[in-house]
**Student:** 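Below is one structure. I have some questions about it.
Reminder, nothing fancy here: chain letters follow the sequence lines and each chain counts from 1.
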Amino acid sequence: LSFPGGPLDWRVAELGLAVLIAYCFARTGDLILGRRSASFSDLNESFLVGAGAAAALLFPLSLLTPGLALPILTLFLLLAPPIALAVRRGRAPAAAGRARLSGGKDTGWGSRSLAVFFIGATVAASVSFALLNLRSPLLWDGFQIWATKAMVLSHEGGLRPELWPASEFYGRIGRVVRYPQLVPMDLALLASLRGGFAFEALKPAFLVFFVSMLLSSYRAAKACLPQPSAFSVPMLAACLPLMATGESAGGYADLPQAAYAVAVVAACFANRAHGRGTRSPLPWLLGSLPLVKSEGMILLVIACVMIVGVQAVRGFAAVVSLVRRHWQGIAVVGVMLALRLGYLRWAHYPDAEFSIGSSASFARALARVPRVSSLCFSRLTDFSHWGLFWLAFLLAMAVLVLRGTASESALAMAAALALVAYSSVFLFTNWSPVELHLNNAYDRLALQLAPPSCLVIAMGFERWRSHAGTNGRNGRPARKSTIRSAAHPSP
Amino acid sequence: VPPARSPHRFAAVIFLATSLAVGARAMLASLVGAYFGAPRQVISKDIAHAAARLEGLLGPEGSVFYLGRNPEGLWTSGLWERAAYPRTVLYIDVADPNWRSQYTSARDRYDIHYAIVGQDLPPGLRAERRWQLGGRAFLVELRR
């Protein structure tokens with residue numbers, strides 16, 4: 001196929017290698033979780049766990065074996081599938097979510113048609129993203145930050161405390177060294193396997209993250225929503241303009257961060273039958289959040305607060321019991337967090353973007369509250385970027401807080417809290433004027449929260465529907481059962 | 001069964017239709033832009049060839065300046081930094097009032113003798129020799 005810019009390169013080899021790397025990560029994740037994934041959904045979760053653990057390991061490996069960390073990691077990853085398959089041969093695959101899915105299916109003609117429509121729209125949006133990702137060049141951050149860090153990682157064979165010699169001169173490009181390593185590591189591994197680094201050739205890695213985000217969205221949705229509503233969640237995420245176009249296809253790390261954020265939600269809702277402690281995917285996914293983008297630290301804190309908060313509602317004893325039962329998982333999160341903080345300390349590069357901590361910075365932040373609030377509101381209500389998405393989220397959140405279960409309310413409040421936290425960081429920016437920074441970055445930050453917010457919207461709608469249905473039948477408000485049980489009551 | 005015209009169904013239909021319409025419009029516009037308008041590669045062939053010529057002239061070692069003006073210089077120097085990697089390309093914004101002290105400090109600290117320029121040298125700098133790298137880019141050997 002020929003276009004004005006030249007013939008289309010389908011990058012079949014690179015796409016194959018990106019999938020191979022994801023598969024190797026998935027089997028690494030299986031080794032960590034002590035399971036043998038059989039479904040795409042489980043493989044996807046293991047992929048994110050494996051990639052997060054490898055990114056965390058890359059830092060100590062870079063310290064212990066300078067210049068050899070990436071080759072060692074590559075070797076281990078290529079060995080992971082045969083080892084995982086040999087070690088876990090004969091063990092039953094974890095498929096708790098699948099059993100629940102079949103139990104909640106609505107087989108009516110209308111529901112089936114709606115499900116087919118949702119799946120068709122999701123596939124169409126995915127094909128559109130794949131075609132766009134294939135052709136569009138890397139955009140600013142994708143090129144200047146993520147792919148550049150991957151280029152250096154690929155060339156140096158490991159992480160370095162400075163980007164390259166003289167990169168710290170007047171602080172222009174050196175700050176890239178502070179950015180987390182998960183996405184650059186994935187791109188550098190792809191470059192290693194294809195035999196050389198080329199900027200645009202690495203784009204297929206982002207298609208893998210796009211599909212991963214959809215699979216995690218569906219995994220979370222099917223655990224708590226009836227069909228066909230569960231299919232609407234990945235469709236809504238895939239059809240968001242910012243998710244399917246622009247910077248997501250321009251090599252930014254916000255798409256991978258969104259994939260991790262919704263995977264955490266899926267692990268909270270869908271994995272009750274899975275392992276505990278280090279065998280549970282949740283702590284590994286939580287610990288991976290700050291290894292994708294710096295904002296992941298905020299998501300990690302909010303997720304932990306909400307998980308503890310849901311228990312705290314039941315009393316202090318429930319929190320103590322949670323800590324006792326999951327101390328190994330808490331240790332995993334602690335170690336991964338310590339590795340991220342250790343890396344920042346090692347790089348020792350000052351953060352010139354934000355000023356937090358001084359009284360002057362707080363005074364400046366307070367003075368900015370009206371302006372930043374107004375700007376954030378106008379970004380979130382920009383119809384061409386979001387349609388009615390955040391308005392629907394607001395309504396759904398109100399429904400879930402009033403009518404939902406504790407975990408549904410907690411998810412809605414966590415997403416809202418993360419949005420408020422992401423808005424608040426601009427109060428402390430050193431960019432002047434503040435609009436410059438906010439207009440550059442805010443939509444992308446909100447995008448990270450979009451897949452969990454899609455779930456909140458679908459949950460809110462189902463809760464509203466089940467409430468209206470119950471009231472329509474007997475005039476009494478619906479009991480706070482789960483949405484699935486409300487939609488499909490047992491006989 | 002809730003009535004067919006219940007408000008939650010109406011709201012869901014409006015929301016889904018809007019989401020699909022907004023998404024489809026953005027996807028179509030982006031695909032058209034990417035396939036019929038956008039450059040295919042972030043580092044153009046001109047810069048890639050010029051970087052190869054730079055290596056031919058200077059060998060694999062040695063840092064160079066890129067002398068340009070913001071905002072165009074910021075992006076173009078970034079392209080040069082990556083195209084010439086692992087050679088260090090150090091950007092000086094000659095529109096900055098303090099560029100001269102930055103230039104002198106970097107020249108002495110990193111022992112830089114060459115600069116990539118897209119136009120004439122800024123006032124106060126003189127060239128020993130000059131080579132065309134390709135397109136509008138030139139390599140100059142700076143007179144100390």
Side-chain angles (χ1 to χ4, degrees), chain A residues 3-6 8-9 121 124-125 128-129 131-132 134-140 142-144 147-148 151-152 155-156 164-167 169-170 172-173 199-200 232 235-236 238-246 249 383-389 391-392 395 457 461 464-465 468-469 472-473, chain B residues 1-3 6-9 11-12 14-45 48 63 65 74-75 77-79 81-83 85-93 96 98-99 102 105-106 109-110 112:
Chain A
F3 291 91
L8 180 62
D9 183 346
S128 165
F129 178 83
L131 290 173
L132 190 61
L134 203 60
R135 185 62 179 211
S136 66
L138 292 164
L139 300 180
W140 188 283
F143 174 64
Q144 298 262 18
T148 294
M151 178 182 78
V152 176
H155 183 264
E156 297 292 334
W164 53 60
S167 64
F169 188 73
Y170 286 99
R172 207 175 58 76
I173 187 62
F199 280 98
E200 269 76 16
S232 71
M235 185 206 73
L236 284 174
C239 289
L240 278 172
L242 292 166
M243 190 71 82
T245 66
F383 193 79
S384 64
H385 282 161
W386 295 107
L388 301 172
F389 187 83
L391 180 66
L395 292 173
I457 291 170
F461 170 73
W464 182 14
R465 187 173 77 145
R473 279 198 296 271
Chain B
V1 178
S6 52
H8 66 268
R9 281 197 181 182
I14 294 289
F15 173 65
L16 284 175
T18 309
S19 301
L20 288 173
V22 168
R25 183 177 171 275
M27 284 178 228
L28 196 64
S30 295
L31 283 169
V32 169
Y35 279 82
F36 295 98
R40 203 175 148 200
Q41 287 152 331
V42 68
I43 296 178
S44 68
K45 283 183 180 164
S63 303
F65 283 117
L74 186 63
W75 175 254
S77 67
L79 298 177
E81 281 170 343
R82 277 89 179 160
Y85 181 81
R87 179 193 309 281
T88 296
V89 176
L90 212 153
Y91 174 51
I92 300 287
D93 172 19
D96 186 317
N98 299 320
W99 78 268
Q102 291 179 17
S105 152
R109 189 168 161 192
Y110 301 111
I112 302 175

**Student:** Which one of A:Leu395, A:Leu391, A:Leu240, A:Val152 has the most heavy-atom pairs closer than 4.5 Å to chain B?
**Tutor:** A:Val152
**Student:** Would B:Arg82 count as a cation-pi partner of A:Phe143, with NZ or CZ less than 6.0 Å from the six-membered ring centre and within 45° of the ring normal?
**Tutor:** yes
**Student:** For chain B, which of A:Ala238, A:Ser136, A:Ser128 has the most heavy-atom pairs under 4.5 Å?
**Tutor:** A:Ser128
**Student:** Check for a donor-acceptor pair, side chain of B:Tyr35 on one end and backbone N or O of A:Leu131 on the other, with a separation under 3.5 Å.
**Tutor:** yes
**Student:** For A:Ala125, is it the side chain, the backbone, both, or neither that has a heavy atom closer than 4.5 Å to a heavy atom of chain B?
**Tutor:** both
**Student:** Quick check: do A:Trp464 and B:Pro7 have side-chain heavy atoms less than 4.5 Å from each other?
**Tutor:** yes
**Student:** Between A:Phe383 and chain B, with a heavy-atom cut-off of 4.5 Å, which part of the residue counts as in contact: side chain, backbone, both or neither?
**Tutor:** both
**Student:** If you count heavy-atom pairs under 4.5 Å with chain A, which of B:Thr88, B:Val42, B:Leu79, B:Ile43 comes out on top?
**Tutor:** B:Val42
**Student:** Show, in sequence, the C-alpha distance, side-chain angles and deciding distance for B:Leu16 and A:Leu236, and conclude whether the side-chain contact (heavy atoms from CB on, under 4.5 Å) test is met.
**Tutor:** CA-CA 8 Å; B:Leu16 284 175; A:Leu236 284 174; 3.9 Å; yes
**Student:** Check each atom of A:Leu242 against the heavy atoms of chain B and say whether the ones under 4.5 Å are side chain, backbone, both or neither.
**Tutor:** neither
**Student:** Is B:Tyr85 close to A:Thr148 at the side-chain level, that is, under 4.5 Å between some pair of heavy atoms?
**Tutor:** no
**Student:** What part of A:Met243 lies closer than 4.5 angstrom to a heavy atom of chain B: side chain, backbone, both or neither?
**Tutor:** neither
**Student:** Kindly indicate whether the side chain of B:Val22, heavy atoms from C-beta on, has any atom under 4.5 Å from the side chain of A:Phe389.
**Tutor:** no
